[in-house]
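Structure, as structure tokens:
Numbers restart at 1 for each chain; the letters A, B, ... are given by sequence-line order, proteins then strands.
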Amino acid sequence: MPGPFSSRSPTLGPMTASDHVVTRFAPSPTGHLHIGGARSALFCWAFARRNGGRFMIRIEDTDQARSSDESARGILEDLAWLGIEWDDGPSLTLADGRVIGADSRPVGPYFQAQRVPIYHAYIEALVKAGRAYPAFEDAAELEAKRKAAVAAKQTYRYERPADVKPGVFNAARWERAQSGEPHVVRFLALHEEIIVPDQVLGDVRIAAGELDDFVILKADRFPTYHFAVVIDDELMGVTHVLRAQEHLANTPRHVAMQKALVRLPQHSPPGSESRATPFRTPVYAHMPLIFNVDGTKMSKRDKAKAARAALQAKIKQEPALTADVLAPRLGAAAPDIAGFLAKDNDSLEVATAISRVFGVALPEIEVADFRAAGYLPEAICNYLALLGWNPGMKTEDGKDLEKFDNAFLAEHFSIERIGKTNSKFDRNKLLSFNGDAIAALSDDAFIDRWMAWMREFEPAAADRIGAVPRDRLAALAAAIKPRAKTLREGLKSAAFLLRDDEATDFEAKAVEKHMRADDGRGVKLLREFRETLNALLDWSPAGLAAHLDAFAQANGLPNPGPIAQPLRIALTGAAVSPGLGETMAVIGRLSCLKRIDTCLHAV
RNA sequence: GGCCCCGUCGUCUAGCCCGGUCUAGGACAUCACCCUUUCACGGUGAGAACAUGGGUUCGAAUCCCAUCGGGGUCACCA
């Protein structure tokens, strides 16, 4: 009997079952939302929903040099787009005026930069309790020592100054710090075993002596990540921390601090004035990592790599393409381009320019990339949920259940079913999921979402297709949905709509094969077919298809091919297009006749 | 290198905790065939995995150990 005390039971751990579940996603606003971060957020969200708890966003902007408000806003927008909405956290006003996020509990502010006084108060308390101390070494010197140790294949650990004793307030150091001498504050790690309670991996034990005295307050008076996260998780009532395994090695530090910290009177529950309220250790769940298929990390540098490889291939074909020649075409400075090619920089601007100018597809890494590429948020969430988690259920026909939405996750997500093994991001499978999600859309929904995507990322096409009467768009949706794995691919299938009725660029090979061959049989059939069109009453996709079949039969053709292909070329310029019924219906009678005439004249 | 984590088809995984129902199931990808006016969609089918070696046991993908392999982490970044 596993009973309730199985090591992976969600109720086991330092938190009691009666605690109201609070999870949090705590991004650092130093860029866009990474696809892996999105999964972390999704799992945190799902766990909170499943347990009737709250999901919180906190912005970890303690790196003053790299953090930005634009980045924070972008991350929030990406989360909202994915349908991952937070109960507590910064407010975000959506395009439709709806607001996500509030300080209803209230435990804000949710930007760590605004919480610095709180951290300072706890730093002081820790120092006075003899569990932290100001340190005055020069950063460069320590760095040199560290490097030397690494070079000698030795484990580097900060050496505690001789005058620092556990549990003893070092007033002299405190005075020096207070007087303005540059310093950091280090946590005083006890010589004891640390146990990290983890619901995915089981308890992880770290032997005594492994932890050194790490920095908790930087010289710029900002807390380090480790310190801020511990203070905030406690003060914000976080009960469960779900995050990627890359954080596992950090967690012993957090546990050690939780054991040393006690809530300040101003942060203590009412009525507890007489006794101290120690910090609690939340339940941890470290999720497996996500890598590229080749095993490398999914990094935004992958975009630069792909662009560089593509450009280098181009240059091999065309040696005249020097940085100077490329500069005006790419809209970038020649030295930047040269540096980019020489791997001196991974400029995203250069990479994007290469992608635009040479039509090179860059790998999607961040949520915004997937959005621009025409992925649906529901497909992304579905696929992401399967990376490291699995519902372990079967469908009615006995197959593994793997198609579900966020509502399903909110109902069924559990930490017990998070796997332990790292996974590789399989774009093929995501693509397949996305294609299925598109196919599952109603015609109306597809048109709405496709147009919205186009207005954002392909405005010229949006103008053109937006001009098509709405009643014809249903046929268009039917034509495109089964052919599009992404919204962007849908544009390819709809290319015939963007064509001018007078355009004469007909694919030569196709013209030769389907129209000129057999003494121009195709041309002859097309000419005859054109004459039947004026009088045709039923201009619906089905009516048109039936008409085409009837015409073929009347002409003794074994199948409609001999007329269908010439017609396709006339209407679309190419031998490949969606079904002719839909195509003709969308183009409309007038344009169809014009295009056929144009083609008949041109070939 | 120290510490920590992991190891089922090419990929994501079900099965493992509670050993026999597993000649290991599904999905994506691949290949073949069917459908077909092109391209897709769809349908049917095929190939494809328990890292290795030792135990324990009547019996191991499932339990134990070792080896090998992979990953994370060792900052005044988060």
Original post:
Are A:Phe413 and A:Phe43 an aromatic pair by the rule of ring centers under 6.0 Å?
Top reply: yes
Checklist entry - Looking at A:Phe529 versus A:His547, is the centre-to-centre ring distance below 6.0 Å? => result yes
Measuring only the [atom1] atom in each nucleotide, how far is [N] from [M]? A whole number of Å is fine.
{"N": "B:U13", "M": "B:C18", "atom1": "P", "answer": "24 Å"}
{"N": "B:G72", "M": "B:G25", "atom1": "C1'", "answer": "32 Å"}
{"N": "B:A29", "M": "B:A75", "atom1": "C1'", "answer": "41 Å"}
{"N": "B:C31", "M": "B:G71", "atom1": "C1'", "answer": "33 Å"}
{"N": "B:A46", "M": "B:A40", "atom1": "P", "answer": "24 Å"}
{"N": "B:G69", "M": "B:U30", "atom1": "C1'", "answer": "26 Å"}
{"N": "B:G15", "M": "B:C68", "atom1": "P", "answer": "31 Å"}
{"N": "B:C50", "M": "B:A24", "atom1": "C1'", "answer": "8 Å"}

Result for 5'-nearest mapping on RNA chain B, choosing between A:Gly579 and A:Ser423, is A:Ser423
Can you name the atoms? Protein N/O to nucleotides 34-36 of chain B N/O, anything below 3.5 Å, with the distance.
none

d([atom1], [X]; [atom2], [N]) in whole Å:
{"X": "A:Ile290", "N": "B:U13", "atom1": "CD1", "atom2": "P", "answer": "9 Å"}
{"X": "A:Phe496", "N": "B:U37", "atom1": "CZ", "atom2": "P", "answer": "19 Å"}
{"X": "A:Asn428", "N": "B:A27", "atom1": "CG", "atom2": "C1'", "answer": "13 Å"}
{"X": "A:Lys509", "N": "B:U38", "atom1": "NZ", "atom2": "P", "answer": "17 Å"}
{"X": "A:Glu210", "N": "B:G2", "atom1": "CD", "atom2": "P", "answer": "11 Å"}
{"X": "A:Lys424", "N": "B:U11", "atom1": "NZ", "atom2": "C1'", "answer": "8 Å"}
{"X": "A:Phe446", "N": "B:C41", "atom1": "CZ", "atom2": "P", "answer": "15 Å"}
{"X": "A:Gln565", "N": "B:U38", "atom1": "CD", "atom2": "P", "answer": "7 Å"}

Given protein heavy atoms under 4.0 Å, the one-letter contact record of nucleotides 67-78 of chain B, with B base, S sugar-phosphate only and - none, is simply ----SSS-SBBB
Ranking B:C4, B:U8, B:C28 by distance to the side chain of A:Val204, first place goes to B:C4
Considering only heavy side-chain atoms of A:Pro482, the closest of B:A40, B:U38, B:C5 is B:A40
Separation between CH2 (A:Trp389) and NE2 (A:His412), nearest 0.5 Å, reads 8.0 Å
Rounded to the nearest 0.5 angstrom, the CD-CG distance for A:Glu378 and A:Asn382 is 9.0 Å
**Message:** At less than 4.0 Å, is any side-chain N or O atom of A:Arg417 found next to OP1 or OP2 of B:U13? Yes or no.
**Reply:** no
- Item | Any A:Lys429 side-chain N or O less than 4.0 Å from OP1/OP2 of B:U11 | no
Let's test this: given Watson-Crick or G-U wobble pairing with both distances under 3.5 Å, identify the partner of [N].
{"N": "B:G53", "value": "B:C65"}
{"N": "B:C39", "value": "none"}
{"N": "B:A24", "value": "none"}
{"N": "B:G1", "value": "B:C74"}
{"N": "B:U30", "value": "B:A46"}

Is the Lys NZ or Arg CZ of [X] less than 6.0 Å from the centre of [Y]'s six-membered ring, within 45° of the axis?
{"X": "A:Arg253", "Y": "A:Phe187", "answer": "no"}
{"X": "A:Arg73", "Y": "A:Phe111", "answer": "no"}
{"X": "A:Arg427", "Y": "A:Phe425", "answer": "no"}

Can you list the steps and then say if A:Gln553 with A:Asp549 is a side chain to side chain contact (heavy atoms under 4.5 Å, CB included)? CA-CA 6 Å; A:Gln553 228 167 26; A:Asp549 283 339; over 6 Å; no
| query | When we call it a touch if two heavy atoms are under 4.0 Å apart, what does A:Thr421 touch: a base, just sugar-phosphate, or nothing? | reply | sugar-phosphate
Counting the atoms with a prime plus P, OP1 and OP2 as sugar-phosphate, which does A:Pro578 contact under 4.0 Å by heavy atoms, base, sugar-phosphate, or nothing?
base
Regarding B:C9, purine or pyrimidine glycosidic angle vs 90° from 0 gives anti
Lys/Arg-Asp/Glu bridge criterion (N-O < 4.0 Å) met for [X], [Y]:
{"X": "A:Asp505", "Y": "A:Arg499", "result": "yes"}
{"X": "A:Glu246", "Y": "A:Lys297", "result": "no"}
{"X": "A:Arg146", "Y": "A:Glu143", "result": "yes"}

Donor-acceptor pair, distance only, cut-off 3.5 Å: does the side chain of A:His34 make one with the backbone of A:Met298? yes
Sorted by number, residues from residues 382-403 of chain A placing a heavy atom under 4.0 Å from RNA chain B are A:Leu386, A:Leu387, A:Gly388, A:Asn390, A:Lys394, A:Lys399, A:Asp400, A:Glu402
Exercise for review: Check whether any side-chain heavy atom of A:Val255 sits under 4.5 Å from a side-chain heavy atom of A:Tyr284, and report yes or no.
Suggested key: yes
Next item on the list: Take the angle between the ring planes of A:Phe370 and A:Tyr375 and call it parallel below 30°, perpendicular above 60°, tilted in between.
Entry: perpendicular
- Query: Is there a donor and acceptor pair closer than 3.5 Å between the side chain of A:Arg483 and the base of B:C39?
  - Reply: yes
